[in-house]
Amino acid sequence: MNIRWRSSAWLVVLVVGGSVHAAQLQVGVGSSVHLGDAVVNLGCADLQVDGALHAQTVELADVDNLAVGAAGVLDGGSARIALGGDVSQSGTLIPGSSTVAITDTCGNTESRVSGNATFHDLSVISTAGKKLVLEAGQTTTVSGMLTLQGVDGHLLQVRSSVPGTTARIAASTQQSIQFVDVADNRAVGAHIAPGYPSQYKSVAGSNVFSWFDYDESGQSISAKRIPTLSGWALAAVALLLAGVGVVRTRRARSH
């Protein structure tokens, strides 16, 4: 285990069996923290980054809320950060090859992602019907694997912070989508979960773009109507059919 820091960073810890159980981790402005290969359990406390946090290969567990302040820099390295609450980014988040995993831990029934948050792997898994709320008008970018998964009877709800206004997800083609209920969201990277919602045991609500069988204009491909004819065109078809009938009748009489 390796943890080192300097300047105004503080960590309240309890070391048990080689793991660090922390009451809170705050990285102050002007400070620098290197977590190395530590295993840190925050016990449902917040991780506040206002200085420089180098996660390296750390395993951070039971984080409640993760916040990167305006002056903060979180270098994800190849770390795994598991939380149950919100992610807010007004500073710099360097994803590296890290994983951010949002679950039902710490009793949170809702998790909010604020700002133009950037992740390598993002996993949101819930067995309790958690609501994942993405900031309206902002883009959540996932360059690696995007996992969104609920369970039968308790779908993971993907929503915008402003109903009726879309939030955006820029994902790669690396996706695992099951048991989700999506509304007010626009995929601006790869198409998310292409195919019918039922293929993913999921539900598509209103205002959905480039998800499931919905195209970039928000129209369901399966519901596209056959082009209709104008009144003049219908009249022309009727006259044509009538003419065909007259010709056939004359031919029949001639025989």
Side-chain angles (χ1 to χ4, degrees), residues 9-14 19-28 33 35 38-51 53 55 58-76 79-95 98-136 138-142 145-151 154-163 167-169 179-182 184-185:
W10 55 274
L11 175 68
V12 179
V13 303
L14 173 66
S19 296
V20 177
H21 294 257
Q24 190 171 10
L25 176 57
Q26 180 173 353
V27 182
V33 174
L35 293 178
V39 177
V40 181
N41 188 311
L42 288 191
C44 292
D46 294 341
L47 172 57
Q48 177 70 42
V49 182
D50 294 310
L53 176 61
V58 73
E59 290 189 27
L60 274 172
D62 288 351
V63 179
D64 192 359
N65 300 306
L66 167 62
V68 182
V73 177
L74 172 55
D75 184 350
R80 178 179 174 82
I81 303 174
L83 65 144
D86 302 336
V87 177
S88 60
Q89 178 190 343
S90 53
T92 302
L93 200 163
I94 304 170
S98 63
T99 298
V100 173
I102 299 175
T103 66
D104 295 323
T105 191
C106 303
N108 292 287
T109 59
E110 179 178 295
S111 289
R112 290 179 171 260
V113 178
S114 304
N116 289 307
T118 303
F119 305 95
H120 182 258
D121 292 344
L122 174 64
S123 171
V124 185
I125 298 177
S126 173
T127 60
K130 176 188 279 287
K131 183 182 289 186
L132 175 65
V133 180
L134 306 178
E135 186 174 355
Q138 301 297 312
T139 301
T140 300
T141 300
V142 183
M145 172 64 78
L146 172 65
T147 301
L148 300 173
Q149 185 172 326
V151 295
H154 297 282
L155 302 184
L156 172 67
Q157 302 173 65
V158 181
R159 295 291 186 268
S160 167
S161 60
V162 179
R168 299 184 294 267
I169 298 178
F179 296 107
V180 298
D181 175 355
V182 185
D184 295 325
N185 194 272

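Only this structure's heavy atoms are used, side chains among them; waters, hydrogens and symmetry mates stay out.
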Show every side chain to side chain donor-acceptor pair (under 3.5 Å) that has at least one partner inside residues 82-94, sequence neighbours left out. none

Kindly say whether Arg80 contributes a backbone atom to a donor-acceptor pair with the side chain of Thr99 at under 3.5 angstrom? no

Looking at Gly85, is its backbone amide N or carbonyl O close enough to the side chain of Ser111 to form a donor-acceptor pair, meaning the two atoms are under 3.5 Å apart? yes

Shortest non-hydrogen contact from [X] to [Y]?
X: Leu155; Y: Val180; result: CD1-O, 4.0 Å
X: Thr127; Y: Asp104; result: N-OD2, 2.8 Å
X: Ala55; Y: Gly76; result: CB-O, 3.7 Å
X: Leu60; Y: Val63; result: CB-CG2, 4.3 Å
X: Gln48; Y: Ala67; result: OE1-CB, 3.3 Å
X: Leu93; Y: Pro95; result: O-CD, 3.3 Å

Using the side chain to side chain donor-acceptor pair (under 3.5 Å) rule, pick out the option among Lys131, His154, Arg159 that qualifies with Asp181. Arg159

Check: [Y] and [X] side chains under 4.5 Å, non-hydrogen atoms:
X: Val124; Y: Leu156; result: yes
X: Leu47; Y: Leu83; result: no
X: Leu148; Y: Val182; result: no

My understanding is that only one of Asn185, Val133, Asp184, Leu134 makes a side chain to side chain contact (heavy atoms under 4.5 Å, CB included) with Ser160; could you say which? Asp184

Here's a test for you: under side chain to side chain contact (heavy atoms under 4.5 Å, CB included), which of Ile125, Thr103, Asn108, Thr109 qualifies with Lys130? Asn108

Value for CG (Leu42) from CG (Leu25), rounded to nearest 0.5 Å, stands at 6.0 Å

Got a second to check how far Ile81's CD1 is from Leu53's CG, nearest 0.5 Å? 7.0 Å

Exercise answer: donor-acceptor pairs, residues 115-123 side-chain atoms, under 3.5 Å, sequence neighbours excluded:
unit_1 : atom_1 : unit_2 : atom_2 : d
Asn116 : OD1    : Thr139 : N      : 2.8
Asn116 : ND2    : Gln138 : OE1    : 2.9
Asp121 : OD1    : Met145 : N      : 2.8

